K.L.:
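Encoded as structure tokens, here's the structure I'll be asking about.
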Amino acid sequence: MADTGDQNRAVATRDACLPEAFFELSFSPNSTLVSTVRRFVSEFYVQILGDAEVTSRVAVATHELLDNAVRYSADGQSTVRIGVLREGAALTIRIDTCNRADETNLTAVKAWIDELMSAPDAAKHYQVLMRRSAKRTEGSGLGLGRIRAETDMALSYRIAGNIVHMRAEGRLEAAGVPS
Amino acid sequence: MTTQVPPITTAELNATSTFEGGQLATRFVGTADSRAMKSIDSLLKALHEEALRLQVREVTIDLTQLEFMNSSCFKAFVTWIGNLQDLESPKQYSIVFKSDDNKHWQRRSLEALSCFAVDLIRVET
């Protein structure tokens, strides 16, 4: 993963599976299926985590990462893996997507995430992205910025050949008790 | 009273606009994902034109029954607000978002949108 700060480095050293509750889907996502997965994530994790607010963040990040996969996958195939590790009230959330992408999109992913994660203030940078977005005619340019600003998750990527792995990861406090 | 703003009527999303008692309002019900992006963009452009034609001081957007909005649809709102900011001050109108506290994404997204246009946006729960 690219260097995206201390929090991300610390979390990245943990067990790759995040064993408390994880699932993985490999499929050809489209807009309909992205919403289906988001609903499943919402219903599944609100029971596992017992916290609707944290679950909402996971759902938003999952939806935005999968939307990216739909838009930029070179072969239409994508994998999403979501894992949660609980340590007291703290939850480590990790959402990974993986898909093939063409060279232009690989370069774009690098540029977006590098810019995003080098901005010291996520909320202020999101405002910059919104001002840019208001004048854009293609794409929103907001999805990844939304993940960082609205879900408090860090973003990173790894590129191997023409395969891009994207990760949203954060350590969030859960208020509720799982059912 | 009906407006000149075309409704959205799909399996995933419905949006209807009304003009009653001098209040122009649009209510969204369902899910606003990538499938709805173009419809929402068209609706908001028409709503903006209608607000200017009717010379209203305020437009209400009711999101209380909107389950989710992705960033592509959110961008349509950003563009609308950007166009509103570009108008001369006397022509500008305010936007009131009605939200549901139980839909947690709404608080975070509307907070960001409010910061984008502090003087023009109010959020009600």
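Below, read A as the first sequence line, B as the second, and so on, with proteins coming before strands; counting in each chain starts at 1. Note that the structure is a prediction, hence the values are computed from the model and not measured. Because only heavy atoms are used, hydrogens play no part in the values below, and waters and symmetry mates are left out as well, while side chains stay in.
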K.L.:
Could you have a look at B:Gly82, B:Ala76, B:Cys73, B:Ser34 and say which one has the most heavy-atom pairs with chain A under 4.5 angstrom?
P.N.:
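Answer, by heavy-atom pair count under 4.5 Å with chain A: B:Ser34.
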K.L.:
Pick one of side chain, backbone, both or neither for A:Ala123, based on which atoms fall under 4.5 Å of a heavy atom in chain B.
P.N.:
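When you check distances to chain B, no heavy atom of A:Ala123 falls under 4.5 Å.
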K.L.:
Quick check on the hydrophobic clustering: are A:Tyr72 and A:Phe27 connected, directly or via other members, by side-chain heavy-atom contacts under 4.5 Å?
P.N.:
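Yes, same cluster.
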K.L.:
Does a side chain donor of either B:Asp33 or A:Ser35 reach within less than 3.5 Å of an acceptor in the other side chain?
P.N.:
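Yes, side-chain donor-acceptor contact under 3.5 Å.
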K.L.:
Can A:Met153 be reached from A:Phe23 by stepping across I, L, V, M, F, W or Y side chains whose heavy atoms are under 4.5 Å apart?
P.N.:
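Hydrophobic grouping puts A:Phe23 with A:Met153.
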K.L.:
With only heavy atoms counted, which part of B:Asp86 is less than 4.5 Å from chain A, the side chain, the backbone, both or neither?
P.N.:
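The side chain, not the backbone.
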K.L.:
Which pair of heavy atoms, one from B:Arg35 and one from A:Ser31, lies closest together, and at what distance?
P.N.:
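Closest approach of B:Arg35 to A:Ser31, heavy atoms only: CG-CB, 3.7 Å.
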K.L.:
Do the side chains of B:Phe28 and B:Met37 join up, straight or via other hydrophobic residues, at under 4.5 Å, putting them in one cluster?
P.N.:
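Different clusters.
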K.L.:
State, to 0.1 Å, how close B:Ser72 and A:Arg71 come at their nearest heavy-atom pair, and which atoms those are.
P.N.:
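Closest heavy-atom pair between B:Ser72 and A:Arg71: OG-NH2, 3.2 Å.
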K.L.:
Where does B:Met69 contact chain A at under 4.5 Å (heavy atoms): side chain, backbone, both or neither?
P.N.:
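For B:Met69, the contact with chain A is made by the backbone alone.
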K.L.:
Chain B: which of A:Thr32, A:Asn30, A:Asp67 shares the most heavy-atom pairs with it under 4.5 Å?
P.N.:
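If we count pairs closer than 4.5 Å to chain B, A:Thr32 comes out on top.
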K.L.:
Kindly give the heavy-atom pair with the smallest separation between B:Thr79 and A:Ser133, and that separation in Å.
P.N.:
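In terms of heavy atoms, the two residues are closest at OG1-O, 4.0 Å.
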K.L.:
Membership question, hydrophobic clusters at under 4.5 Å side-chain separation (ILVMFWY): are B:Phe19 and B:Val96 in the same one?
P.N.:
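Different clusters: B:Val96 never reaches B:Phe19 through Ile, Leu, Val, Met, Phe, Trp or Tyr contacts under 4.5 Å.
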K.L.:
Does atom NZ of B:Lys98 have more than 12 heavy-atom neighbours, drawn from other residues, nucleotides or ligands, at distances under 6.0 Å?
P.N.:
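Counting other residues, nucleotides and ligands, NZ of B:Lys98 stays at 12 neighbours or fewer.
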K.L.:
Side-chain heavy atoms nearer than 4.5 Å, only ILVMFWY residues, links allowed to pass through others: does that put B:Val29 and B:Ile61 together?
P.N.:
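Hydrophobic grouping puts B:Val29 apart from B:Ile61.
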K.L.:
Select one option (side chain, backbone, both, neither) describing which atoms of A:Glu53 are under 4.5 Å from chain B's heavy atoms.
P.N.:
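Backbone plus side chain of A:Glu53, per the 4.5 Å heavy-atom cut-off to chain B.
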K.L.:
Sub-4.5 Å heavy-atom contacts with chain A: which residues of residues 104-122 of chain B show up?
P.N.:
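The residues closer than 4.5 Å to chain A, in numerical order, are B:His104, B:Trp105, B:Arg107, B:Arg108, B:Ser109, B:Ala112, B:Leu113, B:Cys115, B:Phe116.
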K.L.:
Chain B heavy atoms under 4.5 Å from A:Arg38: which part of the residue, side chain, backbone, both or neither?
P.N.:
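Just the side chain, heavy atoms under 4.5 Å.
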K.L.:
Which distance, rounded to the nearest 0.5 Å, do you find between the CZ of A:Arg146 and the OG of B:Ser71?
P.N.:
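It comes to 6.5 Å.
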K.L.:
Quick one: sort the A:Tyr126 and B:Phe74 rings into parallel, tilted or perpendicular, breaks at 30° and 60°.
P.N.:
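Aromatic pair A:Tyr126/B:Phe74 classed parallel.
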K.L.:
For chain B, which candidate among A:Met130, A:Arg136, A:Glu64 shows the most heavy-atom pairs at distances under 4.5 Å?
P.N.:
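The option with the most such pairs is A:Met130.
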K.L.:
Report the option among A:Arg131, A:Lys135, A:Arg39 that has the most heavy-atom pairs separated by less than 4.5 Å from atoms of chain B.
P.N.:
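Looking at each option in turn, the highest pair count goes to A:Arg39.
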